[in-house]
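What follows is one structure encoded as structure tokens, with my remarks underneath.
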Number of protein chains: 2
Amino acid sequence: MDVRKFSIPEILFGQGSLQYAALCAYRMGGERVFLVSDTGLEKAGWVDRVFSILRKEGLTWTYFNEINSNPRDYQVSEGAKRYLVEGCDVVMAIGGGSPMDAAKGIATVASNGGEVNDYEGANRIERPLPPMVFMPSTAGSGADISQFAIITDTRRKVKMSIISRTLVPNISITDPLLLTTKPTELVISSAIDALSHAIEAYVSTIASTLTEIQSLKAIDLILNYLPIAIQDRSMDSMEKLSSAGTFAGMAFSNASLGLDHALAHSLGGKLDVAHGLIHPVLLPSVMRFNLPSCVEKMANIGEIIIGRRRSGAEATAQEGIERLEAFFADFNISTRLRDIVSDCDVLPKICEMALHDTCLVTNPREADVDAMLDICKACW
Amino acid sequence: MDVRKFSIPEILFGQGSLQYAALCAYRMGGERVFLVSDTGLEKAGWVDRVFSILRKEGLTWTYFNEINSNPRDYQVSEGAKRYLVEGCDVVMAIGGGSPMDAAKGIATVASNGGEVNDYEGANRIERPLPPMVFMPSTAGSGADISQFAIITDTRRKVKMSIISRTLVPNISITDPLLLTTKPTELVISSAIDALSHAIEAYVSTIASTLTEIQSLKAIDLILNYLPIAIQDRSMDSMEKLSSAGTFAGMAFSNASLGLDHALAHSLGGKLDVAHGLIHPVLLPSVMRFNLPSCVEKMANIGEIIIGRRRSGAEATAQEGIERLEAFFADFNISTRLRDIVSDCDVLPKICEMALHDTCLVTNPREADVDAMLDICKACW
């Protein structure tokens with residue numbers, strides 16, 4: 001095996017862990033917090049809860065919520081300007097992937113200058129970032145664990161992958177209580193996002209023993225507990241989904257992703273499609289395409305999905321993919337590309353953009369534009 | 001579940017990773033390295049190899065090897081004095097648990113003053129430590145991953161457990177090549193040490209989903225690959241044992257240990273017994289004692305050992321413990337306490353000391369001195 005790195009934040013995990021948010025910021029040397037979130041979290045009362053936790057420890061803050069899902073480059077610039085003007089010294093985010101990725105972009109630009117677009121690709125950030133303490137609310141994006149930030153370049157209409165070890169937050173505070181106020185659709189799409197992270201990281205060309213067990217555990221937890229979670233919405237099942245998100249984050253942050261995410265980023269950048277809704281559409285077809293390059297690993301995934309091994313790795317893998325399609329279909333979500341992309345004429349452009357996405361580098365099977373178009377047609 | 005923390009260093013893993021040692025020290029701001037190791041590593045050529053890696057990157061160093069196995073408090077004092085006199089700014093260690101634990105003690109005293117004995121117990125270290133970059137050579141101690149340092153108080157003849165998040169090194173560089181120069185007995189005792197970490201962490205009262213999967217993977221890898229490794233001494237099996245050591249380190253650093261380690265520390269402190277040789281003697285009896293408090297978990301361990309589940313959790317657990325005893329016996333090592341302790345009159349004192357060991361706090365079943373004496377008698 002080649003040399004592999006494995007880097008994750010310090011993790012506080014469990015019901016009630018949010019109460020330590022201010023102490024964590026303080027321990028990182030923070031006195032004035034730059035807090036990023038969105039209106040969804042405000043309405044659910046979580047932003048006020050963080051304010052009161054910060055107030056109790058004598059910390060002051062600047063609050064920033066001017067972001068969309070698929071956060072934009074100009075929103076990051078605006079945030080970085082505010083961070084500097086207000087003299088903040090620690091970045092916090094509470095929410096899903098969008099506030100957390102925006103917060104990473106803001107931390108980058110505030111400390112390294114320029115625009116967030118300057119840092120697209122791997123290892124382009126040179127100077128240290130302010131400390132980051134993140135509180136994920138969706139158990140899906142893994143942005144609280146990962147060295148990735150995904151920001152939309154609005155001029156090019158491209159979702160940029162910014163990848164750097166320095167984007168790993170210092171502390172992830174994962175409180176499963178935050179999941180309890182999420183609408184069911186968001187619980188589903190987040191868990192499926194985490195599942196796609198785990199599957200793509202598992203078959204990545206730079207996967208290692210250190211990442212593989214985290215991937216397999218995440219897959220196992222999501223397949224078993226997502227159906228239960230949307231029925232019972234119990235703390236136990238929310239906790240299981242939260243830990244799945246954390247394991248998937250550990251895996252993909254260190255083993256990267258693949259073709260499904262390269263295409264998902266293109267679709268998100270070009271058409272502003274919600275990220276979590278793309279995987280049920282693309283992932284099974286991408287897995288079929290990748291199968292010849294990683295039969296044994298796909299069989300291991302299949303074994304978890306089916307609950308047993310068929311005779312022969314390929315049969316196990318194939319049945320696994322079929323069962324995964326059925327699993328998605330059971331949630332009553334779009335599973336065909338035509339449901340989320342109105343015009344198939346845009347697909348050649350989408351595939352061309354995906355060719356330049358950093359996630360494609362670690363896909364187990366090489367893919368050119370034609371191969372990607374075939375995948376899009378297969379799931380059209 | 002209560003709130004749990006999970007904190008590990010950045011890990012570089014794989015054959016040849018040692019070459020990045022100087023870059024890692026430099027990245028941590030180091031210019032003058034304090035390198036701790038021992039004569040075993042010197043003879044195998046690894047210390048010279050580190051010198052040449054440091055030289056190539058223009059780093060200077062102070063070399064310190066004045067330590068024993070079961071490193072002593074006065075050796076830590078001497079090292080800390082040298083660190084300060086020579087103006088070092090980063091601590092590195094290459095070796096097994098002894099050089100690494102000594103290096104942690106030196107980093108603590110050099111930055112926090114006093115004597116290492118002042119920091120015995122949990123969370124007693126207040127000021128930040130110099131950066132630490134550790135290169136484990138035994139795949140057993142987990143000191144490159146953990147927040148533990150075990151140092152002998154020579155006046156009291158006690159192995160002190162010093163536990164603090166700040167003792168987690170910044171970077172662990174795990175190069176399985178280092179295992180290839182180890183004598184077979186050391187490969188065995190190190191792997192069994194890691195196995196005991198994994199088992200005790202798995203049944204610990206503060207285990208969590210985040211630590212449990214690392215424990216189970218470590219147990220699985222050691223049971224499968226230790227017998228192969230001592231036969232073929234191949235890179236593949238050394239790599240498997242190295243990753244097992246890392247997983248076990250992740251688990252016990254965050255879930256702590258139990259009764260087996262409390263007794264092992266007492267025996268090591270009082271009689272200077274080699275740590276790795278104690279577990280084959282104590283662990284099965286400790287597992288039998290703990291069984292009523294964690295039948296399901298012991299059955300999960302049993303299932304890995306046996307390779308299948310018997311009807312009933314207790315039967316699976318019991319057979320697992322029997323098979324573990326047979327596993328140890330196959331390596332032709334001492335499995336009775338009388339082989340490593342010459343006089344049974346010392347046992348009451350050993351058990352009394354173990355009562356004050358921090359590891360006992362997380363044991364799944366409460367144990368007083370009488371219970372510990374019974375365990376010692378059971379394995380006499």
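Order of the sequence lines sets the chain letters (A, B, ...), proteins ahead of strands, with each chain counted from 1.
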How many angstroms lie between atom CD1 of A:I8 and atom CD1 of B:I8, to the nearest 0.5 angstrom?
3.5 Å

According to side-chain hydrogen bond (donor to acceptor under 3.5 Å, both in side chains), does anything in residues 173-182 of chain B pair up with another residue at least two apart or in another chain? List the pairs.
B:W46-B:T181, B:S137-B:K182, B:S172-B:T174

Residues of residues 243-256 of chain A within contact distance of chain B, non-hydrogen under 4.5 Å:
A:S243, A:T246, A:F247, A:M250

If one checks every heavy atom of A:P9 against chain B at 4.5 Å, the contacting part turns out to be backbone

Given B:E10 and A:V168, is the side chain to side chain contact (heavy atoms under 4.5 Å, CB included) satisfied, shown in steps?
CA-CA 11 Å; B:E10 183 179 329; A:V168 176; over 6 Å; no

Shortest non-hydrogen separation from A:V3 to B:L12 and the atoms involved:
CG1-CD2, 4.2 Å

Only pairs of heavy atoms separated by less than 4.5 Å count here; which of B:Q19, B:R27, B:K240 has the most with chain A?
B:R27

To the nearest 0.5 Å, tell me how far A:I171 CD1 sits from B:S7 OG.
9.0 Å

Looking at B:M235, B:R165, B:Q214, B:K5, which one has more heavy-atom pairs under 4.5 Å with chain A than the rest?
B:R165

With sequence neighbours left out, what residues match A:R308 under side-chain contact (heavy atoms from CB on, under 4.5 Å)?
A:I306, A:R310

Review item, side-chain donor-acceptor pairs of residues 215-222 of chain B, under 3.5 Å, at least two apart:
| residue | atom | partner | partner atom | Å |
| --- | --- | --- | --- | --- |
| B:S215 | OG | B:A198 | O | 3.1 |
| B:D220 | OD1 | B:N224 | ND2 | 3.0 |

Would you say that more than 12 heavy atoms from the other residues, nucleotides or ligands in this model lie under 6.0 Å from the CD of B:E31, or not?
no

